[in-house]
Amino acid sequence: MRVLGIITARGGSKGVPRKNLALISGNSLLRYTAEAALASKKLSRVVLSTDDQEIAEEARACGIEVPFMRPAELARDETPTLPVLQHAVKQLESEGEIVDAVCILQPTHPFRTADDIDLCIELLEKHQDADSAMTIAPVPAEFNPHWTYFMDGEGSLRIATGEATPIPRRQELPPAYHREGSVYVTRRDVLMSQNSIYGTQVLGLAVDPVQRVNIDTMDDFLRAETLMKKLRTVN
């Protein structure tokens with residue numbers, strides 16, 4: 001299976017200015033993602049989608065191709081990821097590129113590994129009926145959907161699962177997971193024809209949330225810096 005890696009990194013950022021170029025332990029967020037992508041054995045090609053020349057230069061310095069620049073209308077705060085990916089695929093297909101799947105990599109996940117990427121791709125390769133695969137992390141028991149509620153405008157509660165009563169004991173709760181966000185792999189036709197990153201049949205690769213930080217705020221940077229130093233000391 002030919003899988004195209006697309007690193008998405010626009011110049012703007014609401015929470016942290018110039019976030020994708022911000023440094024953790026001396027390296028930019030973009031560099032950590034580039035290193036994992038280039039170390040992957042399953043990605044056939046890795047490109048960057050950006051509207052920003054400085055980010056493009058950093059990507060090239062990391063060994064990542066920047067075959068096109070993202071148009072400004074696809075780099076706004078409210079722009080969803082789907083059209084960004086579709087634009088990248090269309091650009092490359094117009095030059096003769098043929099891919100079976102796309103791997104979405106966001107620089108805000110500096111602890112992603114090449115193994116994470118490869119294992120997600122392997123999952124999709126093994127299950128031909130699946131549309132996509134992504135990294136997931138366990139939901140703490142107190143946030144399990146069997147114990148969480150929706151509230152209507154009058155204050156009445158209903159369990160998220162639709163059940164009449166909650167499961168009484170923590171030990172009886174079925175495992176629940178949330179999107180971890182560091183790796184998404186989607187079949188090309190699902191992305192382009194079904195207009196979806198997920199499709200209907202989604203596979204999950206569970207990862208350890210203790211070893212992960214999704215960079216969104218300055219507090220996240222501080223946590224990531226501490227974790228990076230700890231991991232480097234251990235290694």
Side-chain angles (χ1 to χ4, degrees), residues 1-12 20 30 33-34 36-52 55-56 59 64-109 112-137 177-207 214:
M1 185 163 71
R2 184 169 177 81
V3 183
L4 171 68
I6 302 178
I7 300 175
T8 57
R10 68 188 182 94
N20 292 309
L30 180 57
T33 289
L38 293 175
S40 164
K41 298 176 182 177
K42 291 286 186 177
L43 290 177
S44 304
R45 184 181 181 185
V46 183
V47 302
L48 176 80
S49 171
T50 189
D51 61 313
D52 187 276
I55 292 177
I64 300 297
E65 294 182 63
V66 189
F68 56 83
M69 295 298 290
R70 190 194 308 182
E73 62 269 21
L74 290 179
R76 301 189 179 109
D77 288 341
E78 67 276 11
T79 302
T81 302
L82 178 62
V84 172
L85 302 172
Q86 291 175 329
H87 170 265
V89 172
K90 288 176 183 176
Q91 287 291 117
L92 296 176
E93 287 186 342
S94 70
E95 301 171 1
E97 183 77 40
I98 299 175
V99 300
D100 300 301
V102 169
C103 179
I104 305 123
L105 303 170
Q106 298 172 318
T108 49
H109 292 268
R112 173 208 302 106
T113 67
D115 282 345
D116 295 333
I117 297 169
D118 291 344
L119 289 172
C120 268
I121 295 172
E122 286 179 9
L123 269 180
L124 202 57
E125 288 177 329
K126 291 177 181 177
H127 298 81
Q128 294 300 313
D129 58 338
D131 296 322
S132 64
M134 65 181 182
T135 48
I136 56 175
Y177 300 88
H178 66 86
R179 297 177 303 166
E180 186 268 338
S182 60
V183 183
Y184 297 88
V185 186
T186 307
R187 295 195 190 278
R188 184 266 177 207
D189 290 345
V190 172
L191 187 76
M192 304 303 289
S193 300
Q194 298 181 27
N195 293 312
S196 175
I197 292 174
Y198 307 99
T200 56
Q201 297 293 325
V202 185
L203 302 172
L205 175 71
V207 297
N214 177 17

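Here the structure is a predicted model, which is why all the values come from computation and not from measurement.
Atom CD1 in Ile121 sits 5.0 Å away from atom OG in Ser40 (nearest 0.5 Å). To the nearest 0.5 Å, the span separating CG on Leu124 from CG on Asp129 amounts to 9.5 Å. With values rounded to the nearest 0.5 angstrom, Met1 atom CE is found 12.0 Å from Lys126 atom NZ. Note: Thr81 OG1 to Leu74 CG = 11.0 Å, rounded to the nearest 0.5 Å. Residue Leu119 holds its CG atom at 11.0 Å from CD of Glu125, rounded to the nearest 0.5 Å. The structure places OG1 of Thr50 at 5.5 Å from CE of Met69, a figure rounded to the nearest 0.5 Å.
Between Leu43 and Leu105 the shortest side-chain heavy-atom distance falls below 4.5 Å. Residues Cys103 and Ile117 have side chains in contact (heavy-atom distance under 4.5 Å, counting atoms from C-beta outward). Contact check for Ile6 versus Val84: no side-chain heavy atoms found under the 4.5 Å cut-off. Gln86 is listed as a side-chain neighbour of Asn195, based on a closest heavy-atom distance under 4.5 Å. The closest side-chain heavy-atom distance from Thr33 to Arg112 is below 4.5 Å. Within the 4.5 Å cutoff, side-chain heavy atoms of Leu92 are placed close to those of Glu95.
Judged purely by atom type and a 3.5 angstrom limit, Arg70 has no side-chain atom pairing as donor or acceptor with the backbone of Ala75. Under a 3.5 Å cut-off, the side chain of Arg187 and the backbone N or O of Ala130 do form a donor-acceptor pair. Between the side chain of Glu97 and the main chain of Ser94, no donor-acceptor pair closer than 3.5 Å is present. Side chain of Thr135 to backbone of Val183: a donor-acceptor contact under 3.5 angstrom is found.
Considering Asp100, Ile104, Val99 in turn, Val99 is the only one that fulfils the side chain to side chain contact (heavy atoms under 4.5 Å, CB included) rule with Leu4. Shown are Asn20, Thr79, Asp77; of these, the side chain to side chain donor-acceptor pair (under 3.5 Å) with Arg10 is made only by Asp77.
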Derivation and outcome, side-chain contact (heavy atoms from CB on, under 4.5 Å), residues Asp189 and Asp131: CA-CA 9 Å; Asp189 290 345; Asp131 296 322; over 6 Å; no
Could you please spell out the steps behind the side-chain contact (heavy atoms from CB on, under 4.5 Å) verdict for Cys120 and Tyr184? CA-CA 8 Å; Cys120 268; Tyr184 297 88; over 6 Å; no
Working for side-chain contact (heavy atoms from CB on, under 4.5 Å), residues Val3 and Lys42: CA-CA 7 Å; Val3 183; Lys42 291 286 186 177; 5.8 Å; no
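Nearest heavy-atom pair across Leu123 and Ala133 is CB-CB, 4.3 Å. Shortest non-hydrogen contact noted between Thr186 and Ile197 is OG1-O, 2.5 Å. For the pair Leu205 and Asp116, the tightest heavy-atom approach, listed with the atom from each and the gap, is CD2-O, 3.6 Å. Nearest heavy atoms, Ala56 versus Val66: O-CG2, 3.7 Å. Between Pro107 and Ile7, the shortest heavy-atom distance links the atoms CG-CG2, 3.9 Å. Residues Leu48 and Pro67 share a closest heavy-atom pair of O-CD, 4.5 Å.
With no hydrogens or angles considered, no side-chain donor-acceptor pair links Gln106 and Asn214 at under 3.5 Å.
Between Arg76 and Asp51 there is no salt bridge, since none of the side-chain N atoms of the basic residue sits less than 4.0 Å from a carboxylate O of the acidic one.
No more than 12 heavy atoms of other residues, nucleotides or ligands lie within 6.0 Å of CZ in Arg179, so this atom counts as exposed by the packing criterion.
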